[in-house]
Amino acid sequence: MFRKGKKRHSSSSSQSSEVSTKSKSVDSSFGGLSRSSTVASLDTDSTKSSGNSASDTCAEFRVRFIGAIEKLQFEMCRKLCEPHDLINYIDVAQQDGKLPFIPADEEMILGVSKYGVKVASVDQCDVIHRHPLYLIVRMLSYDDGLGAGKNLLALKTTDSKQEECSIWIYQCNSSEQAQAICKVLSAAFDSVLTSEKS
């Protein structure tokens with residue numbers, strides 16, 4: 001069972017979406033090992049009051065793409081609401097060969113702004129993925145369990161009719177980078193909610 005940890009707040013704004021750090025032992029069954037993960041989770045369903053940050057800036061991070069599980073039916077989307085359910089689903093997909101454990105060598109630029117998440121080639125010439133802010137349901141990060149200090153960043157999105165969802169998995173260089181991405185996305189939600197209220 002997850003225990004709620006301390007909520008993280010940046011000094012520039014209060015969070016309208018929940019960013020929390022949670023610990024859980026996740027049985028990955030990979031090589032018979034059990035791994036301990038620190039999970040940074042962004043839950044966009046939160047309805048806390050927002051601050052006064054209204055930044056249009058885009059923060060950029062270098063990541064690698066692991067893979068995606070697209071167009072999951074609504075019933076499955078409902079089952080993947082909690083962070084541990086999402087992590088376990090990704091683990092099983094990796095063990096079943098539906099997702100790789102190791103990403104492709106090519107780095108990508110993951111940009112986060114008030115418009116959402118954009119993933120582009122390093123030279124910024126090609127946009128590879130675009131996730132509008134209003135379609136992002138959850139973002140969380142956790143240790144990949146392979147012992148190299150890398151973290152996975154899972155982004156759960158829905159379609160405009162909210163009938164299907166998709167899970168996009170990226171590899172970050174460190175837990176600090178993954179948590180920074182969650183924090184910036186939370187600030188983006190905060191900025192949009194603040195501008196809508198004023």
Criterion side-chain contact (heavy atoms from CB on, under 4.5 Å) on V119 and Y170, from CA distance to verdict: CA-CA 10 Å; V119 182; Y170 302 93; 3.5 Å; yes
Residues which pass side chain to side chain contact (heavy atoms under 4.5 Å, CB included) with S166, listed by chain and number, not counting sequence neighbours: E70, T157, W168
Measuring from E176:CD to K183:NZ, what's the distance to the nearest 0.5 Å? 11.0 Å
Residues which pass side chain to side chain contact (heavy atoms under 4.5 Å, CB included) with V127, listed by chain and number, not counting sequence neighbours: K118, R130
Working to the nearest 0.5 Å, report the span between CD1 of I181 and CG of L155. 10.0 Å
Value rounded to 0.5 Å, distance of SG in C182 from CG in N151: 9.5 Å
Using the disulfide bond (SG atoms under 2.5 Å apart) criterion, which residues pair with C165? Sequence neighbours excluded. C77
Taking the side chain as C-beta and beyond, is there a heavy-atom pair between L153 and M139 under 4.5 Å? yes
I'd like to know if the side chain of D85 and the backbone of C81 have a donor-acceptor N/O pair within less than 3.5 Å. no
Within this structure, what is the CG-CG distance for the pair L99 and D91, rounded to the nearest 0.5 Å? 10.0 Å
Show, in sequence, the C-alpha distance, side-chain angles and deciding distance for L133 and F189, and conclude whether the side-chain contact (heavy atoms from CB on, under 4.5 Å) test is met. CA-CA 8 Å; L133 197 65; F189 275 104; 3.7 Å; yes
Quick check: does any side chain N or O of Q94 sit under 3.5 Å from a backbone N or O of I102, one acting as donor and the other as acceptor? no
Please examine the side chains of V137 and Q162, heavy atoms only from C-beta on, and report whether any two atoms are closer than 4.5 Å. no
Any donor and acceptor pair, going by atom type alone, linking the side chain of K156 with main-chain N or O of L80 inside 3.5 Å? yes
A side-chain contact here means heavy atoms from C-beta on lying under 4.5 Å apart; do I136 and T158 qualify? no
Taking only residues at least two apart or on different chains, which pairs with a member in residues 100-146 satisfy disulfide bond (SG atoms under 2.5 Å apart)? none
Return the CZ to CE distance between F65 and M108, rounded to the nearest 0.5 Å. 6.5 Å
Does a side-chain heavy-atom distance below 4.5 Å link P83 with R138? yes
Counting C-beta onward and ignoring hydrogens, is there a side-chain heavy-atom pair between I109 and R62 closer than 4.5 Å? yes
Shortest non-hydrogen contact between S113 and A188, atoms and distance: O-CB, 3.4 Å
How does the hydrophobic cluster around L135 look, that is, which other residues are in it when side-chain heavy atoms under 4.5 Å mark a link? Y134
Residues in ring-ring contact (aromatic ring centres under 6.0 Å, His included) with Y89, at least two apart? none
Pair L72-E164, side-chain contact (heavy atoms from CB on, under 4.5 Å): steps then yes or no: CA-CA 5 Å; L72 294 169; E164 299 175 330; over 6 Å; no
Are L110 and E60 packed together at the side-chain level, in the sense that at least one heavy-atom pair is separated by less than 4.5 angstrom? no
Without swapping roles, check the side chain of R64 against the backbone of D105 for a donor-acceptor pair under 3.5 Å. yes
Under a 4.5 Å side-chain heavy-atom rule over Ile, Leu, Val, Met, Phe, Trp and Tyr, are M76 and L86 clustered together? yes
In short, S121 meets I128 closest at the heavy-atom pair N-CD1, 3.7 Å
If you round to the nearest 0.5 Å, how far is CD1 of I167 from CD1 of I90? 5.5 Å
